[in-house]
Amino acid sequence: MVRPDARPPAPAPEGGSLPDAAAVDLSVQLGPMRLANPIMPASGTFSENLARVMDLDRLGAFVAKSIYATPRKGNPTPRVAETREGMLNSIGLPSKGVAHFVAEHLPAYAGLKPPLVVSLSADTVAEFGPAAAEISVPGVGAIEVNISCPNLEADGRAFAQFPDATYAAMSAVRAATSLPIWAKLTPNVADIAAIAQAAEAAGADALVVANTILAMAIDVETRRPRLGNVMGGYSGPAVKPIMLRMAFQCARAVRIPVIGCGGIVTVEDVAEYLIAGCSAVQVGTQTFLEPGAMPRLIDELARWCAARGIGRVRDLVGTVRLDPDPSHAEWLAS
Ligand SMILES: Cc1cc2nc3c(=O)[nH]c(=O)nc-3n(C[C@H](O)[C@H](O)[C@H](O)COP(=O)(O)O)c2cc1C
């Protein structure tokens, strides 16, 4: 999705007027889906209860917390730990199952404008297809396939740590539903572009890059790990440059849209992801600190574009300027 011929946006005409923020077209295309703007929540950091602090209709899409087909418990407590620049979590994806989600949560989204994206996890490749079929009900706009969760057929390492398991899980979902499917990748890999290509080959309509980074913290007084599960996922501002690099690599490796995710706090963070090649972004940890972060970013993005004479936010996508320097060659080959 990074256009090789990308040029920086044209400056506003001499003496001419810049577009009004309200006139900026924030809409973006994600495969078959058109979103009103590129800002949506990251899975697990959003619930319909946020309606108390924001107009939910303002979001580009809703992304729900990951669910499994059948009920399951989460990890031992403590499940979250704050660090200087972010947070660690080992929630462990507790889930009340697909049927509970359909009965208890889905109705809350009826009548709202943005599409609902359901995040789906499974323990084995074989469980993904039936779960995807079960969740493909009216009111669901897309399925985000959380292939960053443990694959119990591969020593608990995530599906998205291996191209073949990525391909198998995404193919199973593709065969089971006609809804758009997004693959949520893990950053805990050496070659994320290879995983991105496997998901695309299996029929993914978009990629989400990425889930949390495996990390750890120790309480030096008790000398015990600060998470009940010893290790957990790291998120927040510190991870942004890493996720940005991975989103950039994925955008160069595939033709399907990439959704950037990780560490977004400011409108410049959003602009960076779009310029790197992402068609949209997800906001996670910042919503815990600032429940109104997403509507703020939507307003700021419109003003940021207007101040630079950018009339359509999608014109920013993939406009990163790269020097034709041979030393870049190995990074850019794809
Ligand atoms: C408390 C918490 C719960 C999360 N739960 C999920 C989840 O259910 N499914 C999932 O795919 N990602 C989950 N994530 C990962 C986020 O969706 C996101 O990928 C990650 O936090 C990076 O974005 P951020 O730095 O903006 O938070 C969770 C993250 C946090 C902090």
Side-chain angles (χ1 to χ4, degrees), residues 38-47 50 61-68 72-75 77-83 85-98 101 105 117-122 128 131 142-150 158-160 169 173 181-188 192 199 206-215 217 227-229 231-247 250 258-266 269-270 272-273 278 280-291 293-294 296-297:
I39 310 288
M40 68 184 92
S43 176
T45 65
F46 175 82
S47 92
L50 275 178
F62 307 116
V63 185
K65 178 156 183 67
S66 295
I67 50 171
Y68 279 78
R72 53 185 276 134
K73 288 187 178 156
N75 283 334
T77 58
R79 291 177 174 175
V80 293
E82 270 188 57
T83 65
E85 297 91 3
M87 69 179 279
L88 289 165
N89 89 81
S90 65
I91 308 286
L93 301 178
S95 170
K96 292 186 175 165
V98 169
F101 181 85
H105 293 274
V117 182
V118 172
S119 171
L120 187 66
S121 299
F128 264 116
I143 300 175
E144 182 176 287
V145 191
N146 180 12
I147 49 172
S148 317
C149 62
F159 296 91
V173 175
I181 59 172
W182 303 353
K184 179 146 180 195
L185 306 190
T186 173
N188 302 313
I192 194 137
L207 305 176
V208 182
V209 183
N211 214 308
T212 50
I213 297 177
L214 190 63
L227 291 175
N229 202 41
M231 291 177 277
Y234 192 35
S235 62
V239 308
K240 198 209 73 190
I242 302 169
M243 304 301 200
L244 184 77
R245 181 267 295 175
M246 292 198 170
C250 289
V258 174
I259 301 162
C261 178
I264 290 179
V265 177
T266 67
D269 295 332
V270 175
E272 260 188 286
Y273 274 109
C278 297
V281 295
Q282 297 186 344
V283 179
T285 301
Q286 185 62 18
T287 295
F288 294 130
L289 296 171
E290 181 198 354
M294 287 184 285
R296 168 180 63 77
L297 288 168

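We're numbering straight along the sequence, starting at 1. Note that ligands are numbered from 1 as they come in the structure, with each ligand's atoms numbered from 1 the same way. The analysis underlying the following values was restricted to heavy atoms, covering all of them including side chains, and did not include hydrogens, waters or symmetry mates.
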Give the contacting part of Ser121 toward ligand 1: side chain, backbone, both or neither, where contact means a heavy-atom distance below 4.0 Å.
-> neither

Locate the shortest heavy-atom distance separating Ser90 from Gly232; write the atom from each residue and the value.
-> CB-CA, 4.1 Å

Ser148 side chain vs Lys184 backbone, donor-acceptor pair below 3.5 Å | yes

Backbone of Gly97 reached by a side-chain donor or acceptor of Ser95 within 3.5 Å | yes

Per atom 11 (O) of ligand 1, closest listed option by heavy atom (Lys240, Lys184, Gln282) = Lys184

Among all protein non-hydrogen atoms, which one is nearest to atom 15 (C) of ligand 1, and what is the separation to 0.1 Å?
-> Asn211 OD1, 3.4 Å

Side chain of Arg72, backbone of Tyr68: donor and acceptor closer than 3.5 Å?
-> no

Between the side chains of Thr285 and Ser235, does any donor sit under 3.5 Å from an acceptor?
-> yes

Element-labelled atoms of ligand 1 that are located less than 4.0 Å from some non-hydrogen atom of Ala42 = 16 (C), 17 (O), 18 (C)

List every atom of ligand 1 that sits less than 4.0 Å from any heavy atom of Gly263, numbering the atoms from 1 in the order shown and giving each element.
-> 24 (P), 25 (O), 26 (O)

With backbone taken as N, CA, C and O and side chain as the heavy atoms from C-beta onward, which portion of Thr285 lies under 4.0 Å from ligand 1: side chain, backbone, both, or neither?
-> both

Heavy-atom contacts with Lys65 under 4.0 Å: which atoms of ligand 1 show up? List them by number with element.
-> 5 (N), 6 (C), 7 (C), 8 (O)

Please state which part of Val80 comes within less than 4.0 Å of ligand 1, counting heavy atoms only: side chain, backbone, both or neither.
-> neither

What is the minimum heavy-atom distance between Val265 and Pro237, and which atoms define it?
-> CG2-CG, 3.8 Å

Near Thr212, which atoms of ligand 1 are under 4.0 Å from a heavy atom of that residue?
-> 15 (C), 20 (C), 21 (O)

Among non-hydrogen protein atoms, atom 26 (O) of ligand 1 lies closest to Gly284 N, 3.0 Å

Part of Asn89 within contact of ligand 1 (heavy atoms, under 4.0 Å) | side chain

Pull out every atom of ligand 1 sitting under 4.0 Å from any heavy atom of Cys261, numbered as shown with elements.
-> 18 (C), 19 (O), 22 (C), 23 (O)

For the residue pair Phe46 and Phe62, does the interplanar ring angle fall in the parallel (under 30°), tilted (30 to 60°) or perpendicular (over 60°) class?
-> parallel

Determine the minimum heavy-atom distance between Ala42 and Gly284, stating which atoms define it.
-> CB-CA, 3.8 Å

Is there a donor-acceptor pair closer than 3.5 Å between any side-chain N or O of Asn146 and the backbone N or O of Leu120?
-> no

Return the minimal non-hydrogen interatomic distance between Ile147 and Ala183, and the atom names on each side.
-> CD1-CB, 4.1 Å

Between atom NZ of Lys240 and atom CG of Asp269, what is the distance when rounded to the nearest 0.5 Å?
-> 4.0 Å

Atom 3 (C) of ligand 1: which protein heavy atom is closest, and how many Å away?
-> Gly44 O, 3.6 Å

Short N/O distance, under 3.5 Å, between Ala210 and ligand 1?
-> yes

Please identify which atoms of ligand 1 are closer than 4.0 Å to at least one heavy atom of Gly262.
-> 22 (C), 23 (O), 24 (P), 25 (O)

Does a donor on one side chain sit under 3.5 Å from an acceptor on the other, for Asn211 and Thr186?
-> no

When distances are taken from atom 21 (O) of ligand 1, the protein heavy atom at minimum range is Ser235 CB, 3.3 Å

Where ligand 1 meets Asn146 - atom numbers and elements under 4.0 angstrom, heavy-atom basis = 9 (N), 10 (C), 11 (O)

Based purely on interatomic distance, does Ser66 place a nitrogen or oxygen under 3.5 Å from a nitrogen or oxygen of ligand 1?
-> yes

Closest protein heavy atom to atom 28 (C) of ligand 1, given as residue, atom name and distance to 0.1 Å = Ser43 O, 3.5 Å

Looking only at N/O atoms, are Gly236 and ligand 1 under 3.5 Å apart anywhere?
-> yes

